[in-house]
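Remarks on the structure that follows.
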There are 2 protein chains.
Amino acid sequence: MFFGEYEYKIDEKGRVPLPPRFRAHLKDGVVLIPGIEKCITAYPVAEWKKLAASFTGGTVTRRKLRQLNRALFATASYLNLDGQGRISLPPLLREYAEIVDEVVTVGTNNYFELWNSIHWEEEKAANQDQVWQIIESLEGNEGA
Amino acid sequence: MFFGEYEYKIDEKGRVPLPPRFRAHLKDGVVLIPGIEKCITAYPVAEWKKLAASFTGGTVTRRKLRQLNRALFATASYLNLDGQGRISLPPLLREYAEIVDEVVTVGTNNYFELWNSIHWEEEKAANQDQVWQIIESLEGNEGA
DNA sequence: GTATTCATACTCACCGAAAAACATCTATAT
DNA sequence: ATATAGATGTTTTTCGGTGAGTATGAATAC
């Protein structure tokens, strides 16, 4: 669903263009939450609902559930796209991901991520080798 | 499905012709990802979906899954063919594969690869011996 | 209570780049 | 020799990134 890597500038109003290929899947807007490693994770609302559902449906204690609820929902922000397919990044998330004037948008199948370009380069370098280990193992399994 | 070896020039717009024999299998476009040894791997979307599905269906931790998603999907780019059966190679992939003005397209059964012609010659030379070992062993069995 | 200012969201407009369409030429085969 | 298909080059048009302008609304000051 969401593929590839796109780089944009943030304008002085804090607006970020989303890749045109992505926009069709974001008709109902987008949900942003802070990701694990200093990036922003962005879900189309449908995926987000699925995620939230499977999450609240889990088997955890009441207390744990409250904590998880806080962590997941309290930090989430819902946004609409404007007429040009842009969103304006909430300042808190911008700080969190250390995004200043450049964003890299990275498609990762059913969601996508927004990165500071420097951090993304690091992450990419770290993960590059893995691609082929994965694919080869899959093709190995497929053949079996 | 994808057989043989074809050599083309890249025009000044970065467009690469795909072998006519391949085009029928690429009606829905093609997905490109960086290959292991400085080449570009190209999947027809159907194959890619199978690959992606078997991948995301694996049994890995959430964190690991995110990393793998990034490695696999972020580097993938989806492309349509133009009316002449060409695609325009993303600059990042061109750099990765060190493809400048000549491409060798190599069919490898259910996917195919794009190579710098020099690298391909090397690769071919390196693999040639293996081919003959295989063939000889087959002929050996046949004779028996 | 009114006025002013700041912030946010929506609309419009321009320019450059990418893609689609178009055209030409070469090579091969009949 | 002619016709067809495919490689390659050119033109045209569309799309998308970016900036500016306008409107709406909230917050503060007077």
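All of these numbers come straight from a predicted model, not from anything done at the bench. Atoms considered below: every heavy atom in the structure, side chains included; atoms not considered: hydrogens, waters and symmetry mates.
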Mapping Arg15(A) and Gly83(B) onto DNA chain C by nearest heavy atom, which one lands closer to the 5' end?
Arg15(A)
Would you say the side chain of Ile40(A) lies within less than 4.5 Å of the side chain of Val103(A), judging by non-hydrogen atoms?
no
Whole angstrom value for the distance that separates P of dC15(D) from CZ of Arg23(A)
13 Å
Please classify the nucleic acid contact of Lys13(B) as base, sugar-phosphate, or nothing, using heavy-atom distances under 4.0 Å.
base
5'-most contact on DNA chain C (nearest-nucleotide basis), Asn80(B) vs Asn80(A), goes to Asn80(A)
Looking at dT8(C), I'd like to know if its phosphate oxygens (OP1 or OP2) sit under 4.0 Å from a side-chain N or O belonging to Ser88(A).
no
Can you measure Ile87(A) atom CD1 to dT8(C) atom C1' for me and round it to whole angstrom units?
15 Å
In whole angstroms, the gap separating P of dG16(D) from CG of Asp82(A) amounts to 14 Å
Residue closer to the 5' end of DNA chain D, Arg86(A) versus Arg21(A) (nearest nucleotide):
Arg21(A)
Let me confirm one number: the CG-CG distance from Leu89(B) to Leu32(B), rounded to the nearest 0.5 Å.
6.5 Å
Minimum heavy-atom separation for Ala97(A) and Asn116(A), please, with both atom names.
O-CB, 3.5 Å
Donor-acceptor pair, distance only, cut-off 3.5 Å: does the side chain of Arg70(B) make one with the backbone of Thr108(A)?
no
Atom CG of Leu89(A) and atom C1' of dA7(C): how far apart are they, to the nearest Å?
16 Å
With a cut-off of less than 4.0 Å, is there a side-chain N or O of Tyr8(B) near OP1 or OP2 of dT8(D)?
no
